[in-house]
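Here's the structure, in structure tokens; my notes come after.
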Amino acid sequence: MPSKSYILGIESSCDDTAAAVICNGKILSNIVATQEIHTEFGGVVPELASRAHQQNILPVVHQALAKANIVKKDLSAIAFTKGPGLMGALLVGTSFAKSLAMGLDIPLISVNHMQAHILAHFIEEENKEKPKFPFIALTISGGHTQIVLVKDYFDMEIIGQTLDDAIGEAFDKSAKMLGLDYPGGPLLDEYAQKGNPHAFPFTKPKVGPMDFSFSGLKTAVLYFLERKEKENPNFIQENIADICASIQFTIVDYVMEKLKNAVKETGIKEIAIGGGVSANSGIRNAMLQAQDKHGWKVHIPKLEYCTDNAAMVAMVGQLKYEQGIFASNDIVANSRLKF
Ligand code: KG4
Ligand code: ZN
């Protein structure tokens, strides 16, 4: 094995076409083309996502190589997201990665998207400590809500998850009811920071101690808004900050309750969060408070490694490359891939 390895990571599981190059644990480039096309539909349209991936994948890979200051021939391996995700979207990245690896006659490495979100914590970052095994990972995004017990790089166990909507959907669907553009999570967060979190209490759905349910909250918000708008048609405009703050408070409090249960159950206080929703100011503040109050050790990576990206795929590629875990040429994408 050469002392320096360059691994290209490719991610295409949802609505971000991404490519990144890693060299011995250090990210040299991390390029993401976010597909704006879905905004006008208020959510990801799978077929449009596949088409956009096909359009974007070559320019994105070229940019990743150029930014890393290398050429194709320097690559040691190609890592790609095998799943879970949208099938048509995954097929684009999978086929591209297979062809490129075959053309360059270098190893192909398959990556589980959910494991990649967690292993993103092992990317070299200045002033960031890496988590120590075993730790608890909370993966929260538009597509995922999981609490995972991470015993080793590839030894992970899901100990809690959503039974219906993902947490990002709870933010986005609530935001949509308030007339905010998709994805509304970040906008809801912005309003929430100016409002009173206790203005309108919402009940938290009751499920297992480490599981989540968000569909009940969505209905509660809908009925609440319908009722209030009947009394006052300008209710939303006049109370937007307080409504957002109240919804956000409910979601954050719910997540923290589940994490506390996970800490109690496992006895582990080292917690690593990832996924687009870890950008949420309420979650970040609550995690930092818990660190001070309950002695937790909290890990939050740079935002570009939290949202869907290929740096995390390249990171897993690096780990598997070192261990010689390669995929065969007949590997297929799997939209429901498990750990
Ligand atoms: O990880 P990500 O970029 O893509 C996947 O869904 O996999 O996450 C996007 C999700 C969206 O639902 C978006 O609304 C949410 O993360 N999000 C936020 C915030 N920033 C992004 N939700 C709440 N507050 C935020 N600040
Ligand atoms: Zn993701």
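Along the sequence shown, the residues carry numbers beginning at 1. Order of listing sets the numbers, starting from 1, for every ligand and every atom in it.
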TODO: For the residue pair Ser29 and Gln63, establish whether any side-chain heavy-atom pair is separated by less than 4.5 Å.
DONE: no
TODO: Please state whether Pro186 comes within less than 4.0 angstrom of ligand 1, counting heavy atoms only.
DONE: yes
Open item on the list: Restricting to N, O or S, what is the name of the atom of Asp308 that lies nearest the Zn ion (ligand 2)?
Closed with: OD1
Task: Minimum heavy-atom distance Pro107-Tyr321, with the two atoms named - done: CG-CE1, 4.5 Å
Task: Identity of the nearest option to atom 24 (N) of ligand 1, non-hydrogen atoms only, from Asn280, Thr139, Leu187 - done: Asn280
Task: Any donor-acceptor N or O pair under 3.5 Å, side chains Glu257, Asn261 - done: no
Task: Val277 side chain reached by Thr145 side chain, heavy atoms, under 4.5 Å - done: no
Open item on the list: Looking only at distances, can you tell me whether any N or O atom of His113, backbone or side chain, sits closer than 3.5 Å to an N or O atom of ligand 1?
Closed with: no
Task: Residue, atom name and distance, where the atom is the protein heavy atom closest to atom 3 (O) of ligand 1 - done: Thr307 CB, 3.4 Å
- [ ] Determine the sole option in Thr307, Asp16, Asn56 for which the side-chain hydrogen bond (donor to acceptor under 3.5 Å, both in side chains) test with Thr34 is passed.
- [x] Asp16
- [ ] State the atoms of ligand 1, each with its element, that fall below the 4.0 Å cut-off from a heavy-atom position in Ala279.
- [x] 20 (N), 26 (N)
Open item on the list: Distance under 4.0 Å to a non-hydrogen atom of Gly168: what atoms of ligand 1 satisfy this?
Closed with: 12 (O)
Task: Parallel, tilted or perpendicular, as decided by the 30° and 60° cut-offs, for the rings of Phe214 and Tyr254 - done: perpendicular
Task: Degrees at the Zn ion (ligand 2) between the NE2 atom of His113 and the NE2 atom of His117, nearest 10° - done: 90°
Open item on the list: Angle between ring planes, His117 versus His113, binned at 30° and 60°: parallel, tilted or perpendicular?
Closed with: perpendicular
TODO: Taking only heavy atoms of Ser141 into account, list the atoms of ligand 1 that are under 4.0 Å away from them.
DONE: 1 (O), 5 (C), 6 (O), 7 (O), 8 (O)
Task: Closest protein heavy atom to atom 7 (O) of ligand 1, given as residue, atom name and distance to 0.1 Å - done: Asp308 OD2, 3.0 Å
- [ ] If you have a sec, work out which protein heavy atom is nearest atom 10 (C) of ligand 1 and how many Å separate them, to one decimal?
- [x] Gly142 N, 3.4 Å
Open item on the list: I'd like the name of whichever of Ser174, Gly276, Ala166 reaches closest to atom 21 (C) of ligand 1 through any heavy atom.
Closed with: Gly276
Task: Closest protein heavy atom (residue, atom, distance) for atom 26 (N) of ligand 1 - done: Asp189 OD2, 2.9 Å
Task: Protein contact of atom 15 (C) of ligand 1 - nearest heavy atom, named by residue and atom, plus distance - done: Val277 CG2, 3.8 Å
Open item on the list: Checking Gln161 against His144: is there a side-chain donor and acceptor pair closer than 3.5 Å?
Closed with: no
Task: Numbered atoms of ligand 1 (with element) below 4.0 Å of Gly143, judged on heavy atoms - done: 6 (O)
Task: Protein heavy-atom partner closest to atom 14 (O) of ligand 1 - residue, atom, separation in Å - done: Asp172 OD1, 2.6 Å
Open item on the list: Parallel, tilted or perpendicular, judged at 30° and 60°: which one describes the rings of Phe133 and Tyr153?
Closed with: perpendicular
Open item on the list: So for His144, does at least one of its heavy atoms come nearer than 4.0 angstrom to any atom of ligand 1?
Closed with: yes
Open item on the list: For a side-chain contact (heavy atoms from CB on, under 4.5 Å) check, start with the C-alpha distance between Leu100 and Leu8, then their side-chain angles and the critical distance, and finish with the verdict.
Closed with: CA-CA 10 Å; Leu100 188 57; Leu8 175 71; 3.8 Å; yes
- [ ] With heavy atoms of Pro183 as the reference, note each atom of ligand 1 found under 4.0 Å away.
- [x] 14 (O)
Open item on the list: Could you check whether Gln146 and Thr139, counting side-chain N and O atoms only, form a donor-acceptor pair closer than 3.5 Å?
Closed with: no
Task: Protein residue, atom and distance nearest to atom 22 (N) of ligand 1, heavy-atom basis - done: Gly185 CA, 3.6 Å
Task: Heteroatom test (N, O or S) for Cys14 near the Zn ion (ligand 2), limit 2.8 Å - done: no
TODO: Let me see the working for Glu11 and Ser13 under side-chain hydrogen bond (donor to acceptor under 3.5 Å, both in side chains), right down to the final yes or no.
DONE: CA-CA 6 Å; Glu11 156 66 32; Ser13 65; 2.5 Å; yes
